[in-house]
Trainee: 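First, the structure itself, so that you have it in front of you.
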Amino acid sequence: MNDPSQARLASSLSTVDVVALTVGVVIGASVFETPALVAGNTGSGWAALLAWTLGGGVSIVGALCYAELTTAYPHAGGDYFYFRRAFGDWLAFLFAWARLVVIQTGSIALLAFVFGDYATELWPIGAYSPSIYAALAVAGLTLLNALGVRQGKHAQRGLTVATIVGLLLLIGAGLFLVPESAGQAAATGASEGGGGSFGMAMVFVLLTYGGWNEAAYLSAEVRDLRHDMTRGLLGSLGLITGLYLLVNWAYLQGLGLAGMAGSEVVAADLMRAALGEPGAKLISLLVVAAALSSTNATIFTGARTSFALGRDVRFFRFLGRWDADTKTPANALFVQGAVALGLVGVGAWTRQGFEAMVDYTAPVFWLFFGLAGAALFVLRRIEPETDRPFRVPLYPAVPLLFCAACLYMLWSSVAYAGTGALLGVGVLLAGIPLLALRTARSQEASS
């Protein structure tokens with residue numbers, strides 16, 4: 001049975017609250033980078049728009065599965081707790097290791113590269129400009145967090161608004177302001193559209209939808225779980241899907257598929273076509289602000305996850321030290337920052353930056369996402385008496401669909417990604433010897 005101490009928090013969130021908060025969590029800086037990569041992996045504009053539509057559908061299915069897990073087991077450990085309860089300590093340990101060295105740190109690095117690409121559009125500083133800016137962002141924000149400097153909630157909301165305003169500007173510019181001759185020139189500037197794989201396009205699409213799994217944690221505070229949570233998730237992800245479809249339609253109208261695929265700063269290129277250089281500078285400033293905000297938030301939450309790991313697992317206890325003066329998990333912040341800087345170095349070496357970081361994180365990310373779907377089945381079987389305030393509708397079809405989607409994404413990210421994918425899998429596997437060492441130490445301590 002659930003621990004009473006883990007009882008639900010005060011139920012205060014309505015459907016509108018769920019929609020607003022989910023939109024704020026999901027829409028981030030990556031939406032200004034990934035459309036070009038999706039276009040580069042699809043053969044037509046309609047295929048690109050189909051990918052964005054499917055991404056919304058997969059996100060809704062996954063969010064419904066996570067809503068059941070979070071309401072049945074309202075624990076701050078999230079996936080770590082589900083894996084431990086369903087499969088045991090060994091998988092929970094590997095997930096914690098993967099989150100520390102692949103998932104969270106890779107996310108920090110890829111968001112830093114979004115900042116670097118658009119900062120370079122404003123103030124270029126040489127051939128490695130995006131990587132230099134990315135490294136400065138990781139180092140500077142890690143130091144600020146370690147010193148106890150936090151971004152206020154009002155600033156965070158303001159930057160979320162700036163991101164949405166940027167998207168609305170792009171939609172208006174692409175659909176109404178780009179001269180027809182400019183759009184035709186961009187569309188014919190390169191003879192072909194995308195030439196990659198639809199599976200890899202979906203990897204980039206679902207990265208852009210990322211965050212709905214965090215939004216599912218809102219379920220602990222929703223008034224009417226059965227109705228408000230379902231309506232909230234469907235409404236918010238439907239709204240986000242519509243926004244993403246509109247902005248990609250605007251890109252296609254303004255730049256053409258080939259123009260999108262050939263762009264490194266697709267938002268700036270669209271605004272340049274619509275409003276000239278001032279338009280490109282304006283959107284670049286908005287993206288720089290959004291990217292710094294997203295990077296800072298990821299650094300903040302990632303370090304606290306690592307801190308919790310250090311408190312829970314003796315092997316990582318050095319991460320669980322709290323600095324009483326700055327009121328921060330300083331060790332966790334510095335270790336996380338060092339790993340993220342190393343990944344920025346990998347991105348600089350490959351000269352692909354953002355794309356290399358997606359390659360690095362995607363296989364590991366989708367492996368554990370699929371296992372979270374499997375955990376739902378396992379926990380229903382081994383703990384049938386657990387109170388489940390929210391149950392996935394159309395069980396078992398919905399979670400089976402989610403697991404199938406995760407398997408397809410795992411296969412796509414391994415089959416079509418670059419060397420970064422092999423590096424990410426290799427780093428994950430490096431956790432197995434650490435797991436064996438931890439197990440051996442635990443046995444010695446108990447004997």
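Numbers here simply count residues along the sequence, with the first being 1. This is a predicted model, so every value here is computed, not measured.
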Trainee: Report the distance from atom CG of L270 to atom CD of Q253, rounding to the nearest 0.5 Å.
Mentor: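 L270 atom CG to Q253 atom CD measures 10.5 Å (nearest 0.5 Å).
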Trainee: Assess the residue pair L257 and T42 against the criterion (side-chain contact (heavy atoms from CB on, under 4.5 Å)); give the C-alpha distance rounded to whole Å, side-chain angles, the decisive distance to 0.1 Å, and a yes or no.
Mentor: CA-CA 9 Å; L257 187 70; T42 49; 4.2 Å; yes
Trainee: I need the minimum non-hydrogen distance between A135 and L341, along with the two atoms involved.
Mentor: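 The pair with the smallest heavy-atom distance is O-CD2, 3.6 Å.
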Trainee: Tell me the closest heavy-atom pair linking D79 and A372, and the distance in Å.
Mentor: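 Closest heavy-atom pair between D79 and A372: OD1-CB, 4.3 Å.
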Trainee: Which residue in the set V266, L170, V288, D117 passes side chain to side chain contact (heavy atoms under 4.5 Å, CB included) when paired with F32?
Mentor: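 Exactly one candidate clears the test, L170.
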Trainee: Strictly distance-based, threshold 3.5 Å: is any side-chain N or O of E68 a donor or acceptor partner for the main-chain N or O of R391?
Mentor: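 Here the side-chain-to-backbone pair does not exist.
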Trainee: Heavy-atom count check: over 12 atoms from other residues, nucleotides or ligands less than 6.0 Å from E264 CD?
Mentor: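 No, not enclosed.
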Trainee: Would you say that L110 contacts L207 through its side chain, given a criterion of any heavy-atom pair below 4.5 Å between the two side chains?
Mentor: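 The answer is yes; the side chains approach within 4.5 Å.
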Trainee: Between V138 and V344, which heavy-atom pair has the shortest distance, and what is it?
Mentor: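 Smallest interatomic distance, heavy atoms only, reads CG2-CG2, 4.3 Å.
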Trainee: In Å and rounded to the nearest 0.5 Å, what is the CD1 to CD1 distance from I132 to I125?
Mentor: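 Going from CD1 on I132 over to CD1 on I125, the span is 4.5 Å.
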Trainee: When you compare the side chain of L435 with that of L94, does any pair of heavy atoms fall below 4.5 Å?
Mentor: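 Yes, close enough: below the 4.5 Å cut-off.
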Trainee: So, do L282 and L169 sit near enough that their side-chain heavy atoms are less than 4.5 Å apart?
Mentor: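 Of all side-chain heavy-atom pairs linking L169 with L282, at least one is under 4.5 Å.
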Trainee: May I ask you to test the Y118-V265 pair for a side-chain heavy-atom distance under 4.5 Å?
Mentor: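 They are in contact (side-chain heavy atoms under 4.5 Å apart), so the answer is yes.
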Trainee: Answer yes or no: is there a donor N or O on one side and an acceptor on the other, between the side chain of T350 and the main chain of G347, under 3.5 Å?
Mentor: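 Answer holds: yes.
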Trainee: Ring centres of W90 and F93 under 6.0 Å apart?
Mentor: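 No - the distance between ring centres of W90 and F93 does not fall below the 6.0 Å cut-off.
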Trainee: Does Q336 use its side chain to pair, donor to acceptor, with the backbone of A303 at less than 3.5 Å?
Mentor: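 Indeed, once roles are kept as given, a pair shorter than 3.5 Å links the two residues.
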Trainee: What distance separates I299 CD1 from T142 OG1, expressed to the nearest 0.5 Å?
Mentor: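 It comes to 4.0 Å.
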Trainee: Treating N296 as the side-chain partner and L292 as the backbone partner, does any N or O pair qualify as donor plus acceptor under 3.5 Å?
Mentor: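 A pair under 3.5 Å: no.
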Trainee: For Y82 together with F368, are the ring centres under 6.0 Å from each other?
Mentor: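 Ring centres of Y82 and F368 not closer than 6.0 Å.
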Trainee: Do T34 and T208 have a side chain donor and acceptor closer than 3.5 Å?
Mentor: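 Distance-only check passes for T34 and T208.
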Trainee: Does N248 form a side-chain contact (heavy atoms from CB on, under 4.5 Å) with V38? I'd like the steps, not just the answer.
Mentor: CA-CA 10 Å; N248 278 276; V38 174; 5.6 Å; no
Trainee: Please state whether the rings of F83 and F95 are parallel, tilted or perpendicular, taking 30° and 60° as the class boundaries.
Mentor: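 Judged by the thresholds at 30° and 60°, the geometry between F83 and F95 is perpendicular.
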Trainee: Would N145 and F334 satisfy side-chain contact (heavy atoms from CB on, under 4.5 Å), going step by step from the backbone distance to the final call?
Mentor: CA-CA 10 Å; N145 274 275; F334 288 128; over 6 Å; no
Trainee: Quick one: CG on L91 to OH on Y80, what's the gap to the nearest 0.5 Å?
Mentor: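 Spacing of CG (L91) from OH (Y80) equals 10.5 Å.
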Trainee: Determine whether L252 and L49 satisfy the following criterion, side-chain contact (heavy atoms from CB on, under 4.5 Å), listing intermediate values before the conclusion.
Mentor: CA-CA 10 Å; L252 288 167; L49 293 176; 4.1 Å; yes
Trainee: Please report the interatomic distance CE(M409) to CG(L407), rounded to the nearest 0.5 Å.
Mentor: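 Rounded to the nearest 0.5 Å, the CE-CG separation comes to 11.5 Å.
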Trainee: Which label fits F402 and Y66: parallel for a plane angle under 30°, tilted from 30 to 60°, or perpendicular past 60°?
Mentor: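 F402 vs Y66 ring planes: perpendicular.
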Trainee: Are any non-hydrogen side-chain atoms of W366 and L206 less than 4.5 angstrom apart?
Mentor: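 Heavy-atom side-chain distance check passes, below 4.5 Å.
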Trainee: Hey, are the side chains of L100 and L319 touching, using non-hydrogen atoms and a 4.5 Å cut-off?
Mentor: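 Yes. Closest side-chain heavy atoms under 4.5 Å.
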Trainee: Would you call V203 and V358 a side-chain contact if the rule is heavy atoms closer than 4.5 Å?
Mentor: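 Touching, per the 4.5 Å side-chain cut-off.
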Trainee: Taking ring pair (Phe, Tyr, Trp, His ring centres under 6.0 Å) as the test, write out the residues that go with Y244, two or more places apart.
Mentor: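 W52, Y209.
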Trainee: Start with the C-alpha distance between F365 and Y360, add both sets of side-chain angles, then the distance that settles ring-ring contact (aromatic ring centres under 6.0 Å, His included), and finish with yes or no.
Mentor: CA-CA 9 Å; F365 177 85; Y360 177 76; over 10 Å; no
Trainee: Is the distance between the ring centroids of Y395 and F377 under 6.0 Å?
Mentor: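 Centroid separation for F377 and Y395: below 6.0 Å.
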Trainee: Evaluate the side-chain proximity of L64 to V61: yes if any heavy-atom separation is below 4.5 Å, no if none is.
Mentor: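 No, too far: nothing below the 4.5 Å cut-off.
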Trainee: What is the minimum heavy-atom distance between A36 and S263, and which atoms define it?
Mentor: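 Taking A36 first and S263 second, the nearest heavy atoms are CB-O, 3.6 Å.
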Trainee: Would you say that more than 12 heavy atoms from the other residues, nucleotides or ligands in this model lie under 6.0 Å from the OH of Y408, or not?
Mentor: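 Buried by this count: over 12 neighbours within 6.0 Å.
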Trainee: Output yes when a side-chain donor or acceptor of R388 lies under 3.5 Å from a complementary backbone atom of T386, and no otherwise.
Mentor: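 Side chain of R388 to backbone of T386, a donor-acceptor pair under 3.5 Å: yes, one is there.
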Trainee: Grab the two heavy atoms, one from V178 and one from A274, that are nearest each other, plus how far apart they are.
Mentor: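 Taking V178 first and A274 second, the nearest heavy atoms are CG2-CB, 3.8 Å.
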Trainee: From I108 CD1 over to M357 CE, what is the distance, rounded to the nearest 0.5 angstrom?
Mentor: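 Taking CD1 in I108 and CE in M357, the distance rounds to 12.0 Å.
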Trainee: Would you check if the side chain of S413 reaches a backbone N or O of L410 as a donor-acceptor pair within less than 3.5 Å?
Mentor: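 Yes; judged by distance alone, with no hydrogens or angles, the pair exists.
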Trainee: I need the minimum non-hydrogen distance between A86 and V378, along with the two atoms involved.
Mentor: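 Smallest heavy-atom distance, with atoms named: O-CG1, 3.5 Å.
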Trainee: Using only heavy-atom distances, determine whether the side chains of S197 and N41 contain a donor-acceptor pair under 3.5 Å.
Mentor: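 Note: S197 and N41 side chains miss the donor-acceptor criterion.
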